[in-house]
Amino acid sequence: MTYLDHAGTTLFPESQIKGFFQDLCGSVYGNPHSHNPSSRLTHDTVEHVRYRILQHFNSSPEDYTVVFTAGCTAAIKLVAESFPWTPASSFCYLTDNHTSVVGIRGLTSPIGVASIPISPEEVEGRAGERTCPKVGNSQAPHLFCYPAQSNYSGKKYPLWHVKGIRSRELYPSCTREGQWFVLLDASNLVGCSPLDLQECPADFLPVSFYKMFGFPTGLGALIIRNECLDMLKKTYFGGGTAAAYLAGEDYYVPRFNIDGRFEDGTISFLDIIAVNHGFEALHRLTGGMERIQLHTFGLARHTYMMLSCLQHNNGQPVARLYCDTEYQDPSTQGPLLNFNLLDAHGDIVGYSKVQKLASLFNIQLRTGCFCNTGACQHYLGMSDQQVKANLQVRLVEESSKNTAPGKVPEHSSDQFSWVPVFIFMHYCRHYPLHLITCPCAFNMINIFSCVMIVTHFTWLFSVIMRLDHCSFVCSYVTILLHCTLCVQAGHVCGDDVDMIDGWPTGSVRVSFGYMSTFGDIQQLLRFVVDCFVQKPVRLDYIRLNRLHSASTCSAFVRHPQSPTRLQIPSPSGTGEGLEFSHMAVACSPTLRTSNCERTLSQIFIYPVKSCAAIEVTQWAVGPLGLLYDRLWMVVNINGVCLSQKQEPRLCLIQPSIHWACKELCLHATGMKPLSIPLEGNKQNPGVKVFQSKVCGDRVQSVDCGDEAADWISEFLGKPCRLIQQSPGFIRGMKRDHAKPVAGLSLVNEAQYLMINMASVKFLKEHINERQGPEAENLDIQQLIARFRANLVVMGAEPFEEDNWKHVVIGDLVFQVTDLCARCHMIGIDQQTATHMPEPLNSLSACRKGKVTFGVYLVRQHQLDLDHTSTLSVGCPVVPQSP
């Protein structure tokens, strides 16, 4: 594994966990609120950890107090709730702040506190405005928040700004009277850099320990300058925070020690003890934060130099990096890189595609906006209007799912909202208007569609009639504009919509930790070159030499492993260096038409989710899909479903069904066959019932016993169990007006997955044309196996199935519910369990960024759930398109 998301969380060392385990086994730690010897031991150990934390930041209990919280966000929220805000106060923050900091305004705005966003350039650029007339109350408390290191670009902001703001020499404090306090968000800095509170005496310093040690998670701290303690006003008091209080009278006296006032309830004392072992391991393995800073910065600088100099064969750059420095000084730049990859035409490759292919290569990185919308907008050039428009489109989709047909959302008569208008347009998109004009197709569905549209149009007309003539014209234009937007995908934080109208909605971030190596960089660059660079690869040697020879600050010592170790083929294309696979310019094969009638050519069932397929020529169709299809799945010791994404070797487990003895048999190389009853242990009342999840849906299942668990665990090399969907449990499809009600097995989305043989052949030709003679040896059947479909159709045009709405196979009618979005699982060779970049890379290229292949089907008219029909190879396939 190549782990490059240390800014998200670093990895814990084995020695830390072993030391913590031995500590727990050799000591008894009681509740620190008690007074017995074990509780006293806990109290003393926790106090030692507080001192150890302050020592790490070169401070002492005389100057600062450590308050343990649930994380950095909880620490920030504690400041927001306890700060003595007044109507004359100001909450000021850099736009390059984490969401958790910007979210303070959710508490301050309702009480009249001014929220002032500050761009990074303004802090020093507007310092001269201190001569302007002073604004504000001389006693009003103000809070300024900024990050010690940007979690988006890795830029390190000057720590001396703490003193500059407090002394009112920098903007915005220079323009407003009052007492200024500084919250320094150090969560992204302290994982790889030292921080000296003597040099930057921040008033509030929130940190998270998993960013530093990887373990424990869910624990952070707010480090408070003691001079600020008396000003904080805490209203809620929980267990352990009261010196005395009365239940029948409004009488409460807080504890005298400050940390005791703010730590409501019993603290996570075992996690706090684990922090001590984190410090021990950190210093034993690294020798200190200064060494970590030099090591990680050296890796980041090397990556920046190579990535910024990589070029396609036509000289176009491979990456667009989002940073304000050239990685020459570790005091101004942290060990992370933010970028988007570019194709040979200079167009941005969506981060979702990069993420999926990186997963295929077992490279762990992060994509999106990283909970930092301000920096994301700045570097990507997104306006406020773009962000709002993207969100509004997604709100249409979400509102339409949660609003029943015909039900009009409630809105006040004096406030106009566009969301219902968007919902109306959403319905117009989905209802089959073309069928209403066809007499032969007129049925109850069409009548329902007519009623729905008339109902919504009547309501829409009544809404717009409330507006004056000018507003009506603006409304009409706005409707047309948003109708255009509604046909595209909306975007919200955390989804995989990476491009809208050719504009990126996020980027790719890689970050380093003290255990990162030069080999991690090699793996990343090989991945970029193999998957995204048009060959032969080139380097901008002029830039590379300039960066390599650039003078760095005296504190920086080049990483011992020089960047020149990465061998890239020279511009002459001699191929010396790394053996990168050839990747030609993508071109579209000519579409071939077929006059053959469409037929069902292959049928596959997958009894155990993510295990190998059974190909059959005829099979029974039950109420949940093909009989016994995905009724079993493998889970880890925590009951979480395992797929080939986590365990590729699952595909090497070959199931078979023995009808005579009614058993499911599992086979694997080097293992004795395992037999499981098809109908489960109905006679065993003590069978263990599992609650698990599949694609976010809660499913009820039964355990298949210890023998099956031991078999699976031995083969995969980790503790696992085999479970079967409970016979009486029926999982429903996600609620959607365009989809019929249907029961599901342990499948991801729908009862059936169908692919088109012509589409497979089209993709195969595209792979060959992209890679030439060096194309992977993928025959058609191997390619079909990658897509793990139930049904394969022959005789259709390539990707014709994308436009089908209904399809009749034999005498069964199916509705097409959606296209199948593909992930890196299709890159796993189903015969060897090895990872390959194809066909995902070529699929995205030939479909112009789309990574869908195949369609989901749901059987219609399932009136008799006990009746079993059959599907056979050779059945006619009759599609119905709009």
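- Nearest heavy-atom pair across Ala221 and Val66 is CB-CG1, 4.0 Å.
- Side-chain contact check for Ser507 and Asn338: at least one donor-acceptor pair (N or O, by modelled atom type) lies under 3.5 Å.
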### Task
Please step through side-chain hydrogen bond (donor to acceptor under 3.5 Å, both in side chains) for the pair Thr852 and Arg822, ending with a clear verdict.
CA-CA 5 Å; Thr852 58; Arg822 295 298 182 169; over 6 Å; no
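- Under the rule for a side chain to side chain contact (heavy atoms under 4.5 Å, CB included), the partners of Ala202 that lie at least two apart in sequence or sit in another chain are Val162, Leu184.
- The nearest pair of heavy atoms linking Ser59 to Tyr64 is OG-CD1, 3.0 Å.
- Using cut-offs of 30° and 60° on the angle between ring planes, the pair Tyr146 and Tyr157 is perpendicular.
- Inter-residue side-chain proximity for Leu170 and Phe144 is flagged as unmet; no heavy-atom pair is nearer than 4.5 Å.
- Taken from CG in Leu94 to NE2 in His161, the straight-line distance is 8.5 Å, to the nearest 0.5 Å.
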### Message
Using side chain to side chain contact (heavy atoms under 4.5 Å, CB included), reason through Val354 and Phe532 one step at a time and then give a plain yes or no.
### Response
CA-CA 9 Å; Val354 178; Phe532 299 100; 3.9 Å; yes
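- Taking the six-membered ring where tryptophan is involved, the planes of Phe181 and Phe204 are tilted, since the angle between them lies from 30° to 60°.
- Ion pairing between a basic and an acidic side chain is recognised when a charged N comes within 4.0 Å of a carboxylate O; Lys234 and Asp264 show such pairing.
- Under the side chain to side chain contact (heavy atoms under 4.5 Å, CB included) criterion, Arg366 pairs with Asp5, Phe370, Cys371, Arg509, sequence neighbours left out.
- Ring geometry, His302 versus Phe518: the interplanar angle falls from 30° to 60°, so the pair is classed tilted.
- Electrostatic pairing of Arg50 and Glu263 counts as a salt bridge here, judged by a charged N lying under 4.0 Å from a carboxylate O.
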Which donor-acceptor pairs under 3.5 Å do side chains of residues 75-83 form with protein atoms, sequence neighbours excluded?
{"residue": "Lys77", "atom": "NZ", "partner": "Glu81", "partner atom": "OE2", "Å": "2.6"}
{"residue": "Ser82", "atom": "OG", "partner": "Leu78", "partner atom": "O", "Å": "2.9"}

Side chains of residues 103-117: which donor-acceptor partners sit under 3.5 Å, not counting sequence neighbours?
{"residue": "Arg105", "atom": "NH1", "partner": "Tyr93", "partner atom": "OH", "Å": "2.8"}
{"residue": "Thr108", "atom": "OG1", "partner": "Arg105", "partner atom": "O", "Å": "3.4"}
{"residue": "Ser109", "atom": "OG", "partner": "Arg105", "partner atom": "O", "Å": "3.0"}

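- Between Tyr327 and Phe297, the ring-plane angle classifies as parallel under the 30° and 60° cut-offs.
- Applying the side-chain hydrogen bond (donor to acceptor under 3.5 Å, both in side chains) test to His6 and every residue at least two apart in sequence or in another chain returns Thr10, Ser516.
- Partners of Cys376 according to the disulfide bond (SG atoms under 2.5 Å apart) rule, which considers only residues two or more places apart in sequence or in another chain, are Cys369.
- Closest of all the heavy-atom pairs between Pro194 and Leu189 is O-CD2, 4.4 Å.
- Side chains of Pro120 and Thr95 form a contact here, defined as non-hydrogen atoms less than 4.5 Å apart.
- Applying the side-chain hydrogen bond (donor to acceptor under 3.5 Å, both in side chains) rule to pairs touching residues 199-215 yields Asp203-Arg225, sequence neighbours excluded.
- Take Ser359 and apply the side chain to side chain contact (heavy atoms under 4.5 Å, CB included) test, not counting sequence neighbours, and it matches Gln355, His824.
- Closest non-hydrogen pair, Val190 versus Leu195, comes out as CG1-CD2, 4.2 Å.
- A heavy-atom distance below 4.5 Å is found between the side chains of Asn372 and Asn151.
- Thr325 is linked by a side-chain hydrogen bond (donor to acceptor under 3.5 Å, both in side chains) to Gln333, counting only residues two or more places apart in sequence or in another chain.
- With contacts defined as side-chain heavy-atom distances shorter than 4.5 Å, the pair Arg546/Glu326 qualifies.
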### Task
Under the side chain to side chain contact (heavy atoms under 4.5 Å, CB included) rule, what do Val49 and Phe68 come out as? Steps first, then yes or no, please.
CA-CA 11 Å; Val49 176; Phe68 289 110; 4.2 Å; yes
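- When side chains are defined from C-beta on, Ser90 counts as touching Arg176, because their heavy atoms get closer than 4.5 Å.
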#### Entry: side-chain hydrogen bond (donor to acceptor under 3.5 Å, both in side chains) evaluation trace for Ser150 with Asp96
CA-CA 7 Å; Ser150 170; Asp96 187 4; 3.0 Å; yes
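- Applying the side-chain hydrogen bond (donor to acceptor under 3.5 Å, both in side chains) criterion to Lys645, with sequence neighbours excluded, gives no partner residue.
- Looking only at side-chain heavy atoms (C-beta outward), Asp271 and Phe209 stay at 4.5 Å or farther from each other.
- Taking the side chain as every heavy atom from C-beta outward, Arg301 and Pro330 never approach each other to under 4.5 Å.
- Note that the SG atom of Cys192 and the CE atom of Met212 stand 10.0 Å from one another [nearest 0.5 Å].
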### Task
Show your working on side-chain hydrogen bond (donor to acceptor under 3.5 Å, both in side chains) between Tyr379 and Asp324 and close with a plain yes or no.
CA-CA 10 Å; Tyr379 287 105; Asp324 297 323; 2.7 Å; yes
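- Evaluation of the side-chain hydrogen bond (donor to acceptor under 3.5 Å, both in side chains) rule for Asn188 yields Gln149 as partners, not counting sequence neighbours.
- Taking both residues in full, the closest heavy atoms of Val533 and Gln311 are given as CG1-O, 3.8 Å, listed atom of the first, atom of the second, then distance.
- Residues that satisfy the ring pair (Phe, Tyr, Trp, His ring centres under 6.0 Å) test with Phe361, not counting sequence neighbours, are Phe527.
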